[in-house]
A.B. asks: 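Okay, here's the structure, questions in a sec.
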Amino acid sequence: MLKVEHLSVGYDDLQVVWDVSFEVPAGALVAIIGSNGAGKTTTLRAVMNLLPLMGGAITFKDEPIVGTPTHQIVERGLVMIPESRATFASLSVADNLHLGAYTKWARAEKKSAMEGVYEIFPRLAERRTQLAGTLSGGERQMLAIGKALMARPEMLVLDEPSLGLAPMIVEDTFDEIRRIRERGVSVLMVEQHVEMTLELVDYAYVLELGQIVTEGSSRDLMTDSRVREAYLSF
Ligand code: ATP
């Protein structure tokens, strides 16, 4: 569904991602894992055309998207949740969700989309009139994901969904991601929590210093000596 080939990207003259290739098949749950500063966020920003490419090709549903304005990429069904979570603190939960439904056909189906989000996140339904700024970190992550789902994505791109969350809340968040995938939405996520991520996803790419150093099914990576030494505690 999403195919990235030989991606090179950076900031002005500073290249931080070299020749990175990966793909996310329809219905799959795929991660790019790696430590702080490896270039994970930069890669996602390039996919969403929030950064110009230095080289490479990106297709979504077999159509090239390099140079496509980000709002059009979203219209085509590829929606990103940034690390910052991008919710509006001074608006209620419900109003944040309404704002998520800005694509043409999401607007037409706003009511059922909202019901779907409240079904996945009953906590948001309970807090629908509460201001987003007063939510806990975990609830704000739910709201960010819910808001992205309001755009009716075919693929969600999540930038470090675990960031700043307590371990138990991370587990809840990962369960929610699992449920979203079960509803037919493909997921690409980047994460530093390698162990938990490998338990969640089907397939992962390991990014180090801007390059993919290895890739494989979660099961294979969990037994890969290099991955175990660098990222796993068992
Ligand atoms: P993190 O978990 O810290 O977000 P990451 O793997 O997502 O790590 P990136 O944020 O993509 O890494 O950063 C990769 C490299 O690019 C780092 O060396 C970082 O300092 C650099 N970088 C990131 N943003 C900018 C920017 N706006 N201008 C210049 N350099 C940047």
Side-chain angles (χ1 to χ4, degrees), residues 2-24 29-58 60 65-67 69-70 73-74 78-87 137-138 140-141 144-145 147-148 155-167 169-171 173-174 177 186-201 203-216 218 221-222 224 226-233:
L2 176 70
K3 196 168 187 178
V4 173
E5 293 168 289
H6 307 293
L7 176 73
S8 290
V9 61
Y11 303 91
D12 299 320
D13 291 338
L14 176 72
Q15 185 169 351
V16 297
V17 169
W18 279 268
D19 198 26
V20 160
S21 298
F22 60 92
E23 55 182 88
V24 185
L29 181 36
V30 172
I32 300 174
I33 51 183
S35 32
N36 216 343
K40 303 181 301 295
T41 299
T42 304
T43 301
L44 296 189
R45 298 191 70 212
V47 168
M48 298 305 294
N49 195 27
L50 294 166
L51 271 180
L53 265 53
M54 291 173 168
I58 306 174
F60 180 61
I65 54 168
V66 175
T70 304
I73 295 178
V74 172
L78 183 60
V79 179
M80 174 165 156
I81 302 166
E83 229 171 34
S84 65
R85 287 163 199 167
T87 55
R140 211 162 322 143
Q141 180 63 275
I145 296 175
K147 183 164 158 262
M155 183 180 295
L156 267 191
V157 176
L158 291 133
D159 192 355
E160 254 178 82
S162 73
L163 193 78
L165 302 181
I169 309 293
V170 175
E171 274 179 39
T173 304
F174 281 20
I177 294 170
S186 316
V187 178
L188 169 66
M189 59 193 274
V190 308
E191 261 300 336
Q192 290 187 48
H193 277 288
V194 172
E195 205 167 317
M196 286 180 73
T197 303
L198 288 181
E199 279 165 18
L200 171 70
V201 303
Y203 198 90
Y205 296 82
V206 181
L207 191 66
E208 280 177 11
L209 298 173
Q211 289 178 302
I212 304 279
V213 291
T214 186
E215 62 173 272
S218 298
L221 290 181
M222 276 198 225
D224 179 294
R226 179 173 181 167
V227 171
R228 290 178 69 135
E229 256 168 50
Y231 302 103
L232 301 178
S233 57

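Counting convention: from 1, in listed order, for ligands and their atoms alike. For clarity, every value in this text was computed on a predicted model and none was experimentally measured.
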A.B. asks: Using a strict cut-off of 4.0 Å, indicate which atoms of ligand 1 neighbour a heavy atom of Glu83.
C.D. replies: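 What qualifies from ligand 1 is 4 (O).
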
A.B. asks: Apply the side chain to side chain contact (heavy atoms under 4.5 Å, CB included) test between Met155 and each candidate in Val79, Val187, Leu78; give the one that qualifies.
C.D. replies: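 Exactly one candidate clears the test, Leu78.
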
A.B. asks: Taking both backbone and side-chain atoms of Gly37, is any N or O found less than 3.5 Å from an N or O belonging to ligand 1?
C.D. replies: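 The answer is yes, given that Gly37 and ligand 1 share an N or O pair closer than 3.5 Å.
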
A.B. asks: Under the side chain to side chain contact (heavy atoms under 4.5 Å, CB included) test, which residues partner Pro167, sequence neighbours left out?
C.D. replies: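 Not a single residue meets the side chain to side chain contact (heavy atoms under 4.5 Å, CB included) criterion with Pro167.
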
A.B. asks: Students should be able to answer this: which protein heavy-atom is nearest to atom 12 (O) of ligand 1, and at what distance?
C.D. replies: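 Result for atom 12 (O) of ligand 1: Gly39 N, 3.1 Å.
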
A.B. asks: Hey, is CG on Leu50 packed in by over 12 heavy atoms from elsewhere, all under 6.0 Å?
C.D. replies: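 Yes, enclosed.
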
A.B. asks: Within the structure, does at least one protein heavy atom fall under 4.0 Å of atom 20 (O) of ligand 1?
C.D. replies: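 Under the 4.0 Å cut-off, atom 20 (O) of ligand 1 has no protein heavy-atom neighbours at all.
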
A.B. asks: If we only count N/O pairs under 3.5 Å, is Leu14 in contact with ligand 1?
C.D. replies: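 By distance alone, the answer is no.
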
A.B. asks: What part of Thr41, side chain from CB on, backbone N/CA/C/O, both or neither, has a heavy atom under 4.0 Å from ligand 1?
C.D. replies: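 The answer is both, backbone and side chain.
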
A.B. asks: In ligand 1, which numbered atoms sit nearer than 4.0 Å to a non-hydrogen atom of Glu160?
C.D. replies: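 Result: 2 (O).
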
A.B. asks: Specify the protein heavy atom at minimum distance from atom 22 (N) of ligand 1: its residue, its atom name, and the distance to 0.1 Å.
C.D. replies: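 For atom 22 (N) of ligand 1, the nearest protein heavy atom comes out as Tyr11 CE1, 3.4 Å.
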
A.B. asks: Less than 4.0 Å is my threshold; does some heavy atom of Arg45 fall inside it relative to ligand 1?
C.D. replies: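 The answer is no: ligand 1 sits nowhere under 4.0 Å from a heavy atom of Arg45.
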
A.B. asks: Can you measure from CE (Met80) to CZ (Arg45) and round to the nearest 0.5 angstrom?
C.D. replies: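 Reported to 0.5 Å precision, the distance equals 7.0 Å.
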
A.B. asks: Test Met189 against every option in Leu29, Val24, Ile33 by the side chain to side chain contact (heavy atoms under 4.5 Å, CB included) rule and name the one that passes.
C.D. replies: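 Answer after filtering Leu29, Val24, Ile33: Leu29.
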
A.B. asks: Is a side-chain donor or acceptor of Lys3 paired with a backbone partner of Ser21 at a separation under 3.5 angstrom?
C.D. replies: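 Pair absent, no side-chain N/O of Lys3 close to backbone of Ser21.
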
A.B. asks: How far is atom 1 (P) of ligand 1 from its nearest protein heavy atom, and which residue and atom name does that atom have?
C.D. replies: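 Checked against all protein heavy atoms, atom 1 (P) of ligand 1 sits closest to Asn36 OD1, 3.3 Å.
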
A.B. asks: So is Ser35 in contact with ligand 1, going by heavy-atom distances below 4.0 Å?
C.D. replies: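 Right, Ser35 reaches ligand 1.
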
A.B. asks: What distance separates Leu158 CG from Ile81 CD1, expressed to the nearest 0.5 Å?
C.D. replies: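 Separation between the atoms: 4.0 Å.
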
A.B. asks: Should you measure from each heavy atom of Ala38, which atoms of ligand 1 turn up under 4.0 Å away?
C.D. replies: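 It comes down to these atoms of ligand 1: 5 (P), 6 (O), 12 (O).
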
A.B. asks: Please identify which of these residues, Leu53, Thr42, Asp19, meets the side chain to side chain contact (heavy atoms under 4.5 Å, CB included) condition with Leu7.
C.D. replies: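 It is Leu53; the other options fail the test.
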
A.B. asks: Among Val16, Ile32, Asp159, Thr42, which one puts a heavy atom closest to atom 11 (O) of ligand 1?
C.D. replies: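 Minimum heavy-atom distance to atom 11 (O) of ligand 1 goes to Thr42.
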
A.B. asks: Quick check: does any side chain N or O of Glu229 sit under 3.5 Å from a backbone N or O of Tyr231, one acting as donor and the other as acceptor?
C.D. replies: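 Not confirmed, Glu229 side chain does not pair with Tyr231 backbone.
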
A.B. asks: Identify, for atom 5 (P) of ligand 1, the protein heavy atom at the shortest distance, and state residue, atom and that distance.
C.D. replies: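 I find the closest protein heavy atom is Lys40 N, 3.4 Å.
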
A.B. asks: Does atom 15 (C) of ligand 1 have any protein heavy atom closer than 4.0 Å?
C.D. replies: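 It does: a protein heavy atom is found less than 4.0 Å away from atom 15 (C) of ligand 1.
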
A.B. asks: Rounded to the nearest 0.5 Å, what's the gap from CD on Glu191 to CE on Met196? Could you check?
C.D. replies: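 Glu191 CD to Met196 CE: 8.5 Å, rounded to 0.5 Å.
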
